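Since the structure comes first, as structure tokens, the remarks are kept for the end.
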Amino acid sequence: IISGVLVIWEIAGRLGLLNPLFFPVPSSIFMTSYFMIMSGEISDNLSITLFRVFFGFLLGTIPGIILGMAMGASRKIRLLIDPIVSATYPVPKLAIFPLLMVIFGIGEVSKIVAIALGCFFLALINSMAGVRNINKAYFDVARNYGASPRQLFTKVMLPASLPMIFAGIRLALGTSLLVVVGLEFVSANKGIGALIWYAWETFEIEKLYVGIFICAILGILSTLALKKAEERIVPWIGQLAHTIEKQ
């Protein structure tokens with residue numbers, strides 16, 4: 001499908017059906033990307049974007065999973081923290097970025113913290129939902145067999161909530177890519193977002209498309225990587241889906 005769209009796009013551009021100022025032909029975009037790769041422009045910008053995404057994702061997702069599971073397991077913790085989450089989650093992360101720059105400065109830390117906040121809430125909400133959706137009978141059976149609190153966590157709570165946790169991780173990673181590009185639009189000299197913004201300012205439309213395609217490729221690769229990780233860590237989900245398809 002993608003190759004067909006590119007062929008139609010190329011033909012339409014060559015026939016003059018598309019304005020080359022706004023829709024340059026794919027061959028022109030590919031040549032531009034080749035020169036950008038050879039010059040190191042893509043690697044320079046991509047490396048700093050991945051650096052921000054990696055540390056922001058880890059900084060937000062790990063605490064989000066831990067706190068989310070604690071909220072799902074404990075009603076007291078949930079009642080204490082849930083109002084705070086409900087009040088702060090809807091606030092756009094770009095809206096509080098100026099405040100983060102005041103607190104952490106204009107360097108990398110403020111950007112990483114903003115990305116972490118975007119990941120934190122998604123990981124927390126999905127982890128909490130994963131624990132709360134566990135059938136109580138599983139806990140009762142485990143306790144009847146003398147399971148300790150540690151065994152309840154490792155043998156019941158964690159395996160049963162992993163599908164929802166991974167859903168939260170996938171959402172968090174996608175959000176981290178969205179947030180980092182937005183941040184690089186407004187406060188960065190390097191990065192894929194900065195590349196796209198600079199291409200718009202200088203009307204280098206081919207470079208603008210290259211930046212957009214890089215974002216799309218990052219999204220595809222991250223999704224595939226997480227799916228592979230999920231298949232390894234939570235193999236029974238794939239087996240269950242296969243069984244349902246057969247029925």
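Bear in mind that the values here come from a model prediction, so they are computed numbers and not experimental data.
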Side chain proximity check, [X] to [Y], heavy atoms < 4.5 angstrom:
| X | Y | result |
| --- | --- | --- |
| F120 | I62 | no |
| V131 | M164 | no |
| C215 | I192 | yes |
| T223 | L173 | no |
| F57 | I169 | yes |
| I205 | F203 | yes |

**Item:** Whether S28 side chain and P24 backbone form a donor-acceptor pair below 3.5 Å
**Value:** no
**Main-chain N/O of V181 paired with E184 side-chain donor or acceptor, under 3.5 Å** = no
**Request:** Answer yes or no: is there an ion pair linking E41 with K207, defined by an N-O contact shorter than 4.0 Å?
**Result:** yes
How long is the gap from [atom1] on [X] to [atom2] on [Y], to the nearest 0.5 Å?
| X | Y | atom1 | atom2 | result |
| --- | --- | --- | --- | --- |
| S176 | I115 | OG | CD1 | 6.5 Å |
| F121 | L67 | CZ | CG | 10.0 Å |
| R75 | R132 | CZ | CZ | 9.0 Å |
| S161 | F153 | OG | CZ | 7.5 Å |
| E204 | M36 | CD | CE | 8.5 Å |
| W197 | S187 | CH2 | OG | 12.5 Å |

**Message:** Aromatic contact between F51 and F55, with the criterion being ring centroids under 6.0 Å apart: yes or no?
**Reply:** yes
**Message:** Using the ring centroid of each side chain, check whether W200 and Y209 are separated by less than 6.0 Å.
**Reply:** no
**L46/I214 under side chain to side chain contact (heavy atoms under 4.5 Å, CB included): CA gap, chis, key distance, verdict** = CA-CA 9 Å; L46 182 58; I214 291 173; 4.1 Å; yes
Would you mind writing out the side-chain donor-acceptor pairs for residues 92-108 within the sub-3.5 Å range, not counting sequence neighbours?
residue : atom : partner : partner atom : Å
K93     : NZ   : Y89     : O            : 3.1
K93     : NZ   : V91     : O            : 2.8
E108    : OE1  : R52     : NE           : 2.7
E108    : OE2  : R52     : NH2          : 2.9

**Item:** Test salt bridge (Lys or Arg N to Asp or Glu O under 4.0 Å) applied to R14 - qualifying residues, sequence neighbours left out
**Value:** E10
**Asked** Taking atom CG of N189 as the centre, does the number of heavy atoms from other residues, nucleotides or ligands within less than 6.0 Å exceed 12?
**Response** no
**Fill in**
Apart from L79 itself, members of its ILVMFWY cluster (side-chain separation under 4.5 Å) are none
